[in-house]
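Notes to accompany the following structure.
Order of listing sets the numbers, starting from 1, for every ligand and every atom in it.
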Amino acid sequence: MAREKIIAGNWKMHKTEEETIEFIKKLASLLKKAKVSVYLAVPFTSIGAAAKAAKKTAIVIGAQNMHDADKGAFTGEIAGSMIKSAGAQFAILGHSERRHIFNETDAFINKKVLKALKLQLRPILCVGETQEERDAGQTEEVLARQIKEGLKGVKEEDLESVVIAYEPVWAIGTGLTATPEMAQKTHAFIRAGIASLFSKEAAAKMPILYGGSVKPDNIAGLMGKKDIDGALVGGAALEVDSFYKLVSNG
Ligand code: PGA
């Protein structure tokens, strides 16, 4: 069976509710039959409006983060149950900006993954090495750790809803992209890691997305590789025309 292909937009801290609705209406009018799954991770404040606007369209709405606790004294945090009730169907977890700017650890990210699965929110677990780690020859060691720790305690039957996004930190927002060959090599390494942690069958089914300066003109080359099943896109997902081109070219 062919693996699911996903193009996911990560809006980061961009767009008000009004801008969200306008974007989704325009995108939905362009998207007739998408051959890939179309995901949009919007700011928390836009999830409700986005989910409403995306109803009866092929667009799937999700969040960019969540807390693993159900409730409590965590000022400024948002629980998985809250994003779910607002209409999110997935959550990006462990994005490099969460890891590096907000100091999120593998252990914390793992708790979120387990909670998301419990709530039937699809986790998109992000992994990726920094430039320093790559230069020191630690890429594989870092990725192996992030995957092993991030997926600790996940049952094999739940793995079907997990998506991994490989985003080399040095390629995010920098205009630098891993070449399709470099990315393929790393995706194959990640898939082999999933096979050894779980099973070959589970690894064969898992969508592994690439992220980091993906644009309408480089997406086809990346997705042409056998272990690259889609993209997680920041900058180029902010304009409808460019996001639509990504979906069409992907
Ligand atoms: P970028 O961001 O496409 O702007 O590089 C990707 C991401 O951070 O998910």
Side-chain angles (χ1 to χ4, degrees), residues 5-15 19-20 23 27 36-44 46-47 50 59-66 83 88-104 109 112-113 116 122-131 133-134 139 142-143 146-147 150 162-180 182-183 186-187 190 207-223 225 228-250:
K5 306 267 185 221
I6 303 170
I7 305 290
N10 170 17
W11 279 357
K12 308 192 181 189
M13 202 170 74
H14 293 278
K15 298 195 193 292
E19 290 163 342
T20 300
F23 183 107
L27 179 63
V36 296
S37 300
V38 180
Y39 280 31
L40 268 186
V42 303
F44 290 130
S46 287
I47 293 173
I59 306 161
V60 180
I61 301 302
Q64 302 166 19
N65 183 29
M66 57 176 253
I83 61 166
Q89 296 182 54
F90 72 94
I92 297 177
L93 300 174
H95 187 277
S96 77
E97 284 146 22
R98 301 299 318 171
R99 291 178 188 265
H100 300 291
I101 306 174
F102 300 101
N103 300 316
E104 289 193 7
I109 294 161
K112 301 178 191 221
V113 169
R122 187 173 208 184
I124 301 186
L125 171 64
C126 299
V127 297
E129 81 287 1
T130 61
Q131 182 72 61
E133 290 161 341
R134 176 162 279 266
T139 300
V142 168
L143 295 174
Q146 291 176 337
I147 287 163
V162 176
V163 176
I164 288 188
Y166 167 58
E167 300 201 299
V169 179
W170 48 270
I172 297 178
T174 58
L176 301 169
T177 344
T179 62
M182 265 167 95
T186 315
H187 280 228
I190 293 170
I208 306 178
L209 316 184
Y210 172 79
S213 300
V214 176
K215 308 282 176 223
D217 61 358
N218 63 17
I219 192 161
L222 289 158
M223 285 185 65
K225 296 290 177 196
I228 304 181
D229 307 309
L232 180 56
V233 188
L238 289 172
E239 299 299 332
V240 181
D241 292 341
S242 110
F243 188 65
Y244 177 65
K245 275 190 199 136
L246 284 163
V247 172
S248 314
N249 298 352

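Close contacts between ligand 1 and G212 involve ligand atoms 5 (O) [criterion: under 4.0 Å to a heavy atom]. For ligand 1, the atoms lying closer than 4.0 Å to a non-hydrogen atom of G235 are 1 (P), 3 (O), 4 (O).
At a threshold of 4.5 Å between non-hydrogen side-chain atoms, the residues V60 and S37 do not count as touching. In this structure, V169 and R134 have side chains that are not in contact, with every pair of non-hydrogen atoms separated by 4.5 Å or more.
Using a 4.0 Å cutoff on heavy atoms, A171 counts as a contact of ligand 1. For the pair A236 and ligand 1, no heavy-atom separation below 4.0 Å is found. G173 counts as a contact of ligand 1, since one of its heavy atoms falls under 4.0 Å from the ligand.
When K112, R99, H95 are each tested for a side-chain hydrogen bond (donor to acceptor under 3.5 Å, both in side chains) with E104, only one passes: K112.
Looking at ligand 1, you won't find any N or O of T174 less than 3.5 Å from one of its N or O atoms.
Between the CD atom in E19 and the OG atom in S46 there is a gap of 8.5 Å [rounded to 0.5 Å]. Between the CD1 atom in I164 and the CG atom in L93 there is a gap of 11.5 Å [rounded to 0.5 Å].
The proximity of I172 to ligand 1, defined as any non-hydrogen pair under 4.0 Å, involves the side chain as well as the backbone.
Not one N or O on the side chain of Q64 forms a donor-acceptor pair closer than 3.5 Å with the backbone of N10.
When only non-hydrogen protein atoms are considered, atom 3 (O) of ligand 1 lies nearest to G234 N, 2.8 Å.
For atom 2 (O) of ligand 1, the nearest non-hydrogen atom from the set H95, E167, K12 comes from K12.
Aromatic ring orientation, H187 versus Y166: perpendicular (interplanar angle above 60°, classes split at 30° and 60°).
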